[in-house]
Undergrad: 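Quick one: the structure is below, questions incoming.
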Amino acid sequence: EGPDGSRQMLLEDFFLGPSQVALEHEEIMTSITVSSDNYTGYRGHFFKYAMRDAMDIATIGCTAAARLDGDKFDELRLAFSVAAPTPVRCETAEKAAAGQPLSEETLKAVTNAVEKDVKPRNSWRATKEFRLHVIRTLTQRVVRQAIERAGGKY
């Protein structure tokens with residue numbers, strides 16, 4: 001909302017770069033709308049990794065949402081914050097899971113593919129190498145938890 005009224009945009013168009021969003025002068029974000037087809041049938045999990053409990057600054061944030069078809073993935077959605085210049089969906093990793101069985105082999109393929117989707121950087125909070133280690137670890141942890149919440153088992 002702003003002096004010229006309200007406007008809508010896709011969430012992926014909102015984030016422009018590090019600390020940059022698509023707000024015009026004197027605008028504020030008043031809502032985010034998620035249609036039910038984006039969450040019906042999915043179960044998910046989110047985890048924020050931070051170096052200290054005292055600071056509310058994430059080193060890496062990871063979320064996964066899984067929709068299962070019996071003992072295989074119907075669809076996996078995987079996204080990270082602080083793993084690229086803007087929040088990022090991991091489409092390569094998601095494709096690695098599509099239609100695949102719920103197995104350690106599939107989870108390994110997803111974990112390996114996620115590195116093609118993220119672009120971590122060095123900062124005072126963590127090195128690029130450390131962030132990649134956390135990204136790989138969180139991928140496994142969060143995807144496993146999403147599968148369990150969706151009723152799946154390995």
Undergrad: Can you confirm whether Glu91 is buried at CD, in the sense that more than 12 heavy atoms of other residues, nucleotides or ligands lie under 6.0 Å from that atom?
TA: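 Result for CD/Glu91: open.
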Undergrad: Just verifying a value: how many Å separate Arg149 CZ and Arg43 CZ, rounded to the nearest 0.5 Å?
TA: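 Output value for this atom pair is 10.5 Å.
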Undergrad: Could you measure the distance from the CD1 atom of Ile28 to the CD atom of Glu1? Nearest 0.5 Å is fine.
TA: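 With rounding to 0.5 Å, CD1 (Ile28) is 7.5 Å from CD (Glu1).
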Undergrad: Could you tell me whether the side chain of Asp71 and the main chain of Gly152 form a donor-acceptor pair under 3.5 Å?
TA: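 No, because the side chain of Asp71 does not come within donor-acceptor range (under 3.5 Å) of the backbone of Gly152.
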Undergrad: Taking side chain to side chain donor-acceptor pair (under 3.5 Å) as the test, write out the residues that go with Thr127, two or more places apart.
TA: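 Listed in chain order: nothing, the list is empty.
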Undergrad: Supply the atom-to-atom distance Asn112 CG to Thr92 OG1, rounded to the nearest 0.5 angstrom.
TA: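 So the CG of Asn112 and the OG1 of Thr92 are separated by 12.0 Å.
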Undergrad: Which pair of heavy atoms, one from Phe73 and one from Ala66, lies closest together, and at what distance?
TA: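 Where Phe73 meets Ala66 most closely, the heavy atoms are CE2-CB, 4.4 Å.
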Undergrad: Any chance you could measure Leu138, atom CG, to Lys48, atom NZ, to the nearest 0.5 Å?
TA: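 It is 12.5 Å, given to the nearest 0.5 Å.
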Undergrad: Can you check whether Ile135's main-chain N or O pairs, donor with acceptor, with Thr139's side chain at less than 3.5 Å?
TA: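 Confirmed, Thr139 side chain pairs with Ile135 backbone.
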Undergrad: Side-chain contact test, heavy atoms from C-beta onward, threshold under 4.5 Å: evaluate it for Glu115 versus Leu132 and give yes or no.
TA: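 They are in side-chain contact.
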Undergrad: In a table with atom names and distances, give each donor-acceptor pair under 3.5 Å that connects a side chain of residues 74-83 to protein atoms at least two apart or in another chain.
TA:
| from | atom 1 | to | atom 2 | distance (Å) |
| --- | --- | --- | --- | --- |
| Asp74 | OD2 | Arg67 | NE | 2.5 |
| Asp74 | OD2 | Arg67 | NH2 | 3.0 |
| Glu75 | OE1 | Tyr42 | OH | 2.4 |
| Glu75 | OE1 | Arg67 | NH2 | 3.3 |
| Glu75 | OE2 | Arg77 | NE | 3.4 |
| Arg77 | NE | Tyr42 | OH | 3.4 |
| Arg77 | NH1 | Asn38 | O | 3.0 |
| Arg77 | NH2 | Tyr42 | OH | 3.0 |
| Ser81 | OG | Gly61 | N | 3.4 |

Undergrad: Hydrophobic clusters here meaning ILVMFWY residues chained together by side-chain heavy-atom distances under 4.5 Å, can you tell me if Val114 and Phe46 are in one?
TA: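 Cluster IDs for Val114 and Phe46 differ.
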Undergrad: Minimum heavy-atom separation for His45 to Ala146, with atom names?
TA: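 Closest approach of His45 to Ala146, heavy atoms only: CB-N, 4.1 Å.
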Undergrad: Can you list the residues that meet the side chain to side chain donor-acceptor pair (under 3.5 Å) rule with Arg121, with sequence neighbours excluded?
TA: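 If we apply the side chain to side chain donor-acceptor pair (under 3.5 Å) test to Arg121, skipping adjacent residues, there are no hits.
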Undergrad: Shortest non-hydrogen contact from Ala113 to Ala93?
TA: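 Answer, listing the atom of Ala113 first, then Ala93: CB-CA, 3.7 Å.
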Undergrad: Hey, what do you get for CZ (Arg136) to CD1 (Ile60), rounding to the nearest 0.5 Å?
TA: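 Rounded to the nearest 0.5 Å, the CZ-CD1 separation comes to 13.5 Å.
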Undergrad: Establish whether Leu16 and Met29 are linked, either directly or via other cluster members, by ILVMFWY side-chain heavy-atom contacts under 4.5 Å.
TA: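 The answer is no; the residues belong to distinct hydrophobic clusters.
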Undergrad: Show the numbers, then the answer: is there a side-chain contact (heavy atoms from CB on, under 4.5 Å) between Arg144 and Glu104?
TA: CA-CA 10 Å; Arg144 276 191 179 105; Glu104 289 299 322; 2.8 Å; yes
Undergrad: Ile32 versus Phe14: any side-chain heavy-atom pair under 4.5 Å?
TA: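 Not touching, per the 4.5 Å side-chain cut-off.
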Undergrad: Could you list the residues that satisfy side chain to side chain donor-acceptor pair (under 3.5 Å) with Thr137, not counting sequence neighbours?
TA: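 If we apply the side chain to side chain donor-acceptor pair (under 3.5 Å) test to Thr137, skipping adjacent residues, there are no hits.
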Undergrad: Return the set of residues passing side chain to side chain donor-acceptor pair (under 3.5 Å) with Arg89 (not counting sequence neighbours), or none when no residue passes.
TA: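 Result, side chain to side chain donor-acceptor pair (under 3.5 Å) vs Arg89: Glu94.
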Undergrad: Working to the nearest 0.5 angstrom, can you tell me the gap between Ser103 OG and Lys108 NZ?
TA: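 Atom-to-atom, Ser103:OG and Lys108:NZ are 11.5 Å apart.
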Undergrad: Are Val88 and Leu11 co-members of a hydrophobic cluster defined by side-chain heavy atoms under 4.5 Å apart?
TA: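 Leu11 and Val88: separate clusters.
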Undergrad: Apply side-chain contact (heavy atoms from CB on, under 4.5 Å) to the pair Phe47 and Gln145, showing each step before the final yes or no.
TA: CA-CA 10 Å; Phe47 189 87; Gln145 186 66 42; over 6 Å; no
Undergrad: Going by side chain to side chain donor-acceptor pair (under 3.5 Å), name the pairs with one or both residues in residues 2-19, residues two or more places apart or in two chains.
TA: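 For residues 2-19: Arg7-Glu27.
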